[in-house]
Amino acid sequence: MIQELYIIIISASFKSFAKLGQLETDGDDAQDHSDRGVREDCLVQEMAEDPQRNFRSHYYEKVGFRGVEEKKSLEILLKDDPLDVEKLCTFAQRYPLPSMYRVLVWKVLLGILPPHYESHSAVLTFRKEQYQDLLQALQVIRFVQDSTPQVWVHLRMYQLESGTLPRRPSQSLEPEDAVFIAIAEAMDEMVENDVDAYWLVKYFVNQFNSKYSDSLAHLPKSLEHYLNLEDSKLLTHLKTCLAMNKLPYDLWFMHCFAGCLPESSLQRVWDKIISGSCKILVFVAMEILLTFKVKLMAMNKAENIAQFLQNIPQENTDAIISKAIDLWHKYVGNPLHTV
C-alpha cells in the first residue's frame, strides 16, 4: 500500500511541478524587463556608500527605530515584477528582513514561489493541494492522526515525498529526522500557517543539505581559526580543558541553532543562511563563546562547558546575534561570495 501511495503522490507532484513550470515560463514571456533595474542597480551601492544615509540609520537605531530605511529599500525591491532574486539575496545578507516581509522573501529565495507575482496565487493553491494530498495519504495508512503533533506530521510528509517513510510509525528516528524535527519546531513558532511552515522547512532543509553539506565538516576548524584571532586566551583555555572537541557542534551547525536561540534571534541567522551563507553559524558560535567568556574561563571540565553551551541564557541573544553579524561582515567581507 505504501508503494502505491508513493506512486500517487509522485504523480501528483509531477503534475503540480509541470503546472508551476508553465506558470513561470508564461511569466517570462509575458513582458520585457529590459529597463526594470535603474533604481535597484544603485540600491545596494547607495545603502553601503551614502554617509548621510548611514548617519540617519545610526540615529534611527539610537532612538528605537532600527531598520526604518532598510524597510523602505526592501519595499522598493518588492515592487519589481519579476522580483530580482539576486538583489533580494544581497539585501538579506546586509540587513535583517522586516518581519512583515520575511516569509514572502524566504519563499522566493528558497524557490517555493516564483519571481513573477502573477503566478503567486496559482502556485500557492497548488502548494496547498499538495499539502492536503500528502496529509490524506498519511491518514489513510495511519501514520498520522488528529492528535499527532504538527511537526511530526511535517516530518512524515517530508519522508513520504523523499521516499524515506519507515515501515512502521514506531520506528526510531534517524539522525537527519531529529534535525528535521528541531528545525520544524522552530519554523512552527515563526510561521502561523501550517502549509507555509511545511514548505518552508522542507525547502530550508533541502537547500541546507544540498548547498552546504560539504562545508559543514569545516565549520569547527573555522570556529577555532576565527576564535584564535579574536581571543586566543579563551581558545587556549578551551583546548586545555579538551572542550573544543565537545562543543555542541550538532546543535549549532547541523540544527542551525534551532532549539538554542529564541525565535527573534534565530530568524536573523536564518536570513543569512537562506540568502546564501552558512558561515554565519561560525560567527554566532564564536560570539556565544566570547559573550560567556567569564563563565567559561571559570569552568575546567569539558562536560560542564558543553552542558552550559547547550542551554545558554536567553536574555541577551539579540545582542549576541548583532555582534556575530558584525564579526561575520568583518571577516568574510562580501558574504555572497562564500558559504
*Gln171 atom CD, neighbour heavy-atom count above 12 within 6.0 Å*: yes
*Check whether any side-chain heavy atom of Glu185 sits under 4.5 Å from a side-chain heavy atom of Phe180, and report yes or no.*
no
*Using the side-chain hydrogen bond (donor to acceptor under 3.5 Å, both in side chains) rule, collect all pairs that involve residues 292-302, keeping only residues at least two apart or in two chains.*
Asp231-Lys293
*Out of curiosity, Leu289 CG to Leu235 CG, how far, rounded to the nearest 0.5 Å?*
9.5 Å
_Reference residue Phe208; test side-chain contact (heavy atoms from CB on, under 4.5 Å); the match among Val179, Ile183, Leu216_ = Leu216
*May I ask you to decide whether Lys239 forms a salt bridge with Glu224, counting only side-chain N to carboxylate O separations under 4.0 Å?*
yes
Please table the atom pairs, donor to acceptor, closer than 3.5 Å between any side-chain atom in residues 96-110 and protein atoms at least two apart or in another chain.
from: Tyr101; atom 1: OH; to: Glu75; atom 2: OE2; distance (Å): 2.7
from: Arg102; atom 1: NE; to: Asp271; atom 2: OD1; distance (Å): 3.0
from: Arg102; atom 1: NH1; to: Gln267; atom 2: OE1; distance (Å): 3.3
from: Arg102; atom 1: NH2; to: Leu97; atom 2: O; distance (Å): 2.9
from: Arg102; atom 1: NH2; to: Asp271; atom 2: OD2; distance (Å): 2.9
from: Trp106; atom 1: NE1; to: Asp271; atom 2: OD1; distance (Å): 2.9
from: Lys107; atom 1: NZ; to: Asp196; atom 2: OD1; distance (Å): 2.9
from: Lys107; atom 1: NZ; to: Asp196; atom 2: OD2; distance (Å): 3.2

*Can you find a pair of side-chain heavy atoms, one from Met286 and one from Leu290, that are under 4.5 Å apart?*
yes
*Assess whether side chain to side chain donor-acceptor pair (under 3.5 Å) is satisfied between Tyr198 and Asp188, documenting all intermediate values.*
CA-CA 8 Å; Tyr198 172 67; Asp188 195 52; over 6 Å; no
*Could you state whether Leu242 and Leu223 fall into the same hydrophobic cluster, counting links through intermediate Ile, Leu, Val, Met, Phe, Trp or Tyr residues with side-chain heavy atoms under 4.5 angstrom apart?*
no
_To the closest 0.5 Å, what do you measure between CG (Leu134) and CD (Glu161)?_
4.5 Å
_If I compare all heavy atoms of Ala197 with all of Val191, which pair ends up nearest, and what's the gap?_
N-CG1, 3.9 Å
*Does Ser265 use its side chain to pair, donor to acceptor, with the backbone of Leu261 at less than 3.5 Å?*
no
*Report yes if some heavy atom in the side chain of Pro114 is under 4.5 Å from a heavy atom in the side chain of His120; otherwise report no.*
yes
*Ignoring hydrogens and angles, tell me if any N or O in the side chain of Lys272 forms a donor-acceptor pair with the backbone of Ala92 under 3.5 Å.*
yes
*asked:* Checking the side chain of Gln207 only, and the main-chain atoms of Ile274 only, is there a donor and an acceptor separated by less than 3.5 Å?
replied: yes
_Over all atoms of both residues, closest heavy-atom pair of Leu251 and Ala258_ = CD1-O, 3.5 Å
*asked:* Would you say that more than 12 heavy atoms from the other residues, nucleotides or ligands in this model lie under 6.0 Å from the CD of Glu263, or not?
replied: yes
*Gln93-Ser275 side chain donor-acceptor pair, cut-off 3.5 Å*: yes
*Exercise: identify the closest heavy-atom pair between Ala137 and Leu160*: CB-CD2, 4.0 Å
_Using a 3.5 Å distance criterion without hydrogens, assess whether the side chain of Asp84 forms a donor-acceptor pair with backbone atoms of Lys87._
yes
*Between Asp80 and Tyr117, what is the shortest heavy-atom contact and its length?*
O-CE1, 3.4 Å
*Same hydrophobic cluster for Met187 and Leu173, using side-chain heavy-atom links shorter than 4.5 Å among ILVMFWY?*
yes
*Can you find a heavy atom in the side chain of Val153 that is under 4.5 Å from one in the side chain of Asp194?*
no
*asked:* For the backbone of Asn228 and the side chain of Glu230, can you confirm whether one donor and one acceptor N or O come within less than 3.5 Å of each other?
replied: no
*Between Cys241 and Lys246, is a side chain to side chain contact (heavy atoms under 4.5 Å, CB included) present by the stated rule, with each step listed?*
CA-CA 10 Å; Cys241 297; Lys246 294 190 177 181; over 6 Å; no
*Do Ser264 and Asp318 have a side chain donor and acceptor closer than 3.5 Å?*
yes
*What do the steps show when you test Tyr249 against His255 for side chain to side chain donor-acceptor pair (under 3.5 Å), and what is the final call?*
CA-CA 9 Å; Tyr249 293 125; His255 291 212; over 6 Å; no
_Gap separating the CZ atom of Phe283 from the NZ atom of Lys330, nearest 0.5 angstrom_ = 9.5 Å
*With the side chain counted from C-beta on, respond yes when Ile280 and Ile273 share a heavy-atom pair under 4.5 Å apart, and no when they do not.*
yes
*asked:* With a 6.0 Å cut-off (strictly less than), is the heavy-atom count around CD of Gln150, excluding the residue itself, greater than 12?
replied: yes
*Between CD1 of Ile288 and SG of Cys260, what distance do you get to the nearest 0.5 Å?*
4.5 Å
*Mark yes or no for whether Thr90, through its side chain, and Glu86, through its backbone, hold a donor-acceptor pair below 3.5 Å.*
yes
*Find out whether Met297 and Lys233 are in side-chain contact, i.e. whether some heavy atom of one side chain is under 4.5 Å from a heavy atom of the other.*
yes
*Report, as yes or no, whether the 6.0 Å neighbourhood of atom CD on Glu176 holds more than 12 heavy atoms from other residues, nucleotides or ligands.*
yes
_Flag side-chain contact, heavy atom, 4.5 Å: Val269 against Ile325_ = no
*Backbone N/O of Val282 and side chain of Trp252: donor-acceptor pair under 3.5 Å*: no
*Can you tell me how far the CG atom of Asp81 sits from the CD atom of Glu118, to the nearest 0.5 Å?*
6.5 Å
*asked:* In terms of relative ring orientation, are Phe253 and Phe257 parallel, tilted or perpendicular, with 30° and 60° separating the classes?
replied: perpendicular
*Would you sort out whether Cys256 and Phe204 count as a side chain to side chain contact (heavy atoms under 4.5 Å, CB included), showing the intermediate values?*
CA-CA 11 Å; Cys256 302; Phe204 180 92; 4.1 Å; yes
_Polar contact flag, side-chain donor to acceptor under 3.5 angstrom, Arg156-Thr148_ = no
_Test your reading of the model: is there a side-chain donor-acceptor pair from Asp177 to the backbone of Glu174, 3.5 Å cut-off?_
yes
*asked:* For Val144 and Trp152: C-alpha separation, side-chain torsions, deciding distance, then whether side chain to side chain contact (heavy atoms under 4.5 Å, CB included) applies.
replied: CA-CA 8 Å; Val144 301; Trp152 278 85; over 6 Å; no
_Restricting to non-hydrogen atoms, name the atom on Ser210 and the atom on Ser213 that form the minimum distance, rounded to 0.1 Å._
O-OG, 4.3 Å
_Donor-acceptor check, side chain of His237 to backbone of Leu296, threshold 3.5 angstrom: yes or no?_
yes
*Would you call the rings of Tyr226 and Tyr331 parallel, tilted or perpendicular, where under 30° means parallel and over 60° means perpendicular?*
tilted
*Can you tell me if CG on Asn245 sees more than 12 non-hydrogen neighbours from other groups inside 6.0 Å?*
no
*Straight-line distance of Leu124 CG to Leu113 CG, nearest 0.5 Å*: 5.0 Å
*Considering only heavy atoms from C-beta outward, does the side chain of Leu165 approach that of Ile141 to under 4.5 Å?*
yes
*Does the pair Glu70 and Leu74 meet the rule for a side chain to side chain contact (heavy atoms under 4.5 Å, CB included), with working shown?*
CA-CA 6 Å; Glu70 282 72 18; Leu74 179 59; over 6 Å; no
*Could you tell me which non-hydrogen atom of Arg268 sits nearest to which non-hydrogen atom of Ser322, and how far apart they are?*
NH2-OG, 2.9 Å
